[in-house]
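Before any comments, here is the structure.
Residue numbers run from 1 in the order of the sequence given. No experiment lies behind these values; they were computed from the predicted model shown.
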Amino acid sequence: FGVAGGAVRALDWATGITAWESPLGSKVIGAPALYVSGDDAVAFAAVENGGLYALNLSDGGLAWSKSGDELSGAAYGLTVGGDGALYAATDTGWLHAFNPLTSEAYWSLDLTQSDSFYAPPAITGSGIFLSSAYQALTAINPATLETMWRAETLGVPYTPPSAAEGLGAVFVGTDRGWVYAFSMADGSQWWSAQVSGPITGLANDGARLFAAASDGSVYAWDAATGAALWALNSRSTISGPPLTD
């Protein structure tokens with residue numbers, strides 16, 4: 001499952017042959033998201049002109065759509081939370097939560113005075129964490145939808161936050177090569193480190209934090225203390241986040 005210009009394409013897992021392709025009429029932005037529960041499977045993609053599309057994963061048929069006017073912006077940040085809701089964060093500072101099957105809006109939060117989003121939020125029981133283009137990480141209380149805290153960063157954190165709920169920490173990387181660890185509870189800074197290039201993505205396994213940089217470097221730290229563990233250079237441009245298992 002992936003994107004190609006203005007279309008969403010699904011590939012057969014075993015053969016790589018295209019199973020279906022759905023043109024959306026405008027450039028697909030951000031990373032798509034998936035909702036799978038029992039027999040229900042839906043793929044979500046946002047486009048540059050502001051539209052949001054839900055496609056049946058079986059055949060690429062349209063399940064529902066939202067316009068840019070309904071979203072009040074372009075939804076660069078899509079993710080499905082552990083609560084089963086589809087979250088859409090927009091470049092204009094709105095955060096929406098939808099029923100992924102019916103498109104019913106659970107709620108919409110206006111953060112336009114302080115935020116603009118270009119990455120998916122991290123959804124946990126402790127908070128909703130958003131990378132703000134205004135050089136900050138914003139934490140929202142999921143029960144009250146009030147802002148719990150905002151932590152400033154050096155550079156724009158376009159990468160999605162990486163949350164380690166068991167550790168009680170949330171991490172973010174910026175376009176100036178800074179990596180930060182903040183307390184989920186109050187936003188206090190645990191540690192920070194600066195590396196050689198813009199951070200293209202983060203991942204953690206609860207004990208270690210991994211970061212990829214656009215210059216091909218990959219780094220690992222102790223997630224709790226920030227102690228450097230190792231680093232390598234892949235000698236190739238890296239444009240996405242690492243995966244950890």
Give a yes or no on whether Leu109 and Tyr76 share a hydrophobic cluster (residues Ile, Leu, Val, Met, Phe, Trp, Tyr; joining criterion: side-chain heavy atoms under 4.5 Å apart). no
Under 3.5 Å, is there a donor-acceptor pair between the Ser37 and Asp40 side chains? no
Pairwise distance CZ(Phe98) to OG(Ser108) - rounded to 0.5 angstrom: 5.5 Å
Check whether Ile140 and Trp149 end up in the same hydrophobic cluster, where Ile, Leu, Val, Met, Phe, Trp and Tyr are linked by side-chain heavy atoms less than 4.5 Å apart. no
Table please: side-chain donor-acceptor pairs of residues 194-205 below 3.5 Å, with sequence neighbours left out.
| from | atom 1 | to | atom 2 | distance (Å) |
| --- | --- | --- | --- | --- |
| Gln194 | NE2 | Arg176 | O | 3.1 |
| Ser196 | OG | Asp215 | OD2 | 2.5 |
| Ser196 | OG | Tyr219 | OH | 3.0 |
| Thr200 | OG1 | Ala212 | O | 3.1 |
| Thr200 | OG1 | Gly240 | O | 3.4 |
| Asn204 | OD1 | Gly206 | N | 2.9 |
| Asn204 | ND2 | Ser162 | OG | 2.8 |
| Asn204 | ND2 | Ala163 | O | 3.2 |
| Asp205 | OD1 | Ala207 | N | 3.0 |
| Asp205 | OD1 | Arg208 | N | 2.7 |
| Asp205 | OD2 | Arg208 | NE | 2.9 |
| Asp205 | OD2 | Arg208 | NH2 | 2.5 |

So do the side chains of Val156 and Thr174 get within less than 4.5 Å of each other, counting heavy atoms only? no
Could you tell me whether Glu152 atom CD has more than 12 heavy atoms of other residues or ligands within 6.0 Å of it? no
After noting the C-alpha distance and the side-chain angles of Thr112 and Asp110, does the key distance pass the side-chain hydrogen bond (donor to acceptor under 3.5 Å, both in side chains) rule? CA-CA 6 Å; Thr112 56; Asp110 181 358; 2.6 Å; yes
Sidechain-backbone polar pair: Lys27 side chain, Val47 backbone, donor-acceptor under 3.5 Å: no
Report yes if the side chains of Leu78 and Pro120 come closer than 4.5 Å at any heavy-atom pair, otherwise no. no
Do you know the tightest heavy-atom contact between Trp20 and Ser58? CD1-O, 3.7 Å
Could you check whether Thr90 and Thr92, counting side-chain N and O atoms only, form a donor-acceptor pair closer than 3.5 Å? yes
Measuring from atom CZ of Arg235 to atom OG of Ser217, what distance do you get when rounded to the nearest 0.5 angstrom? 10.0 Å
Side-chain donor or acceptor of Trp191 paired with backbone N/O of Ala223 under 3.5 Å: yes
Does some side-chain heavy atom of Val36 sit less than 4.5 Å from a side-chain heavy atom of Val42? no
Please walk me through it: do Leu57 and Leu34 pass side chain to side chain contact (heavy atoms under 4.5 Å, CB included)? CA-CA 9 Å; Leu57 201 56; Leu34 293 176; 4.0 Å; yes
Nearest 0.5 Å please: distance from the CD1 atom of Ile123 over to the CZ atom of Phe129. 9.5 Å
Is it true that the side chains of Asp69 and Ser67 contain a donor and an acceptor less than 3.5 Å apart? no
Trp64 and Leu101: side chain to side chain contact (heavy atoms under 4.5 Å, CB included), yes or no, with the steps? CA-CA 8 Å; Trp64 54 264; Leu101 298 179; 5.8 Å; no
Roughly how far, to the nearest 0.5 Å, is the CG atom of Leu52 from the NZ atom of Lys66? 8.5 Å
Here the gap from Phe171 atom CZ to Trp221 atom CH2, rounded to the nearest 0.5 Å, amounts to 10.5 Å
Leu137 and Pro161, any side-chain heavy atoms less than 4.5 Å apart: yes
Compare every heavy atom of Ala75 with every heavy atom of Ala88, then report the nearest pair and how far apart it is. CB-CB, 4.0 Å
Any donor-acceptor N/O pair, Asp222 side chain to Thr225 backbone, under 3.5 Å: yes
Any pair counted as side chain to side chain donor-acceptor pair (under 3.5 Å), so long as it reaches residues 127-143, sequence neighbours left out: Asp115-Ser132, Asp115-Thr138, Thr138-Arg150
Is the number of heavy atoms from other residues, nucleotides or ligands within 6.0 Å of CH2 (Trp107) greater than 12? yes
Are more than 12 heavy atoms from other residues, nucleotides or ligands located less than 6.0 Å from atom CG of Leu243? no
Would you find a donor on one side and an acceptor on the other, under 3.5 Å apart, between the side chain of His96 and the backbone of Tyr87? no
Beyond-backbone contact of Phe44 with Leu55, side-chain heavy atoms, under 4.5 angstrom: no
Is the shortest side-chain heavy-atom distance between Thr159 and Tyr118 below 4.5 Å? no
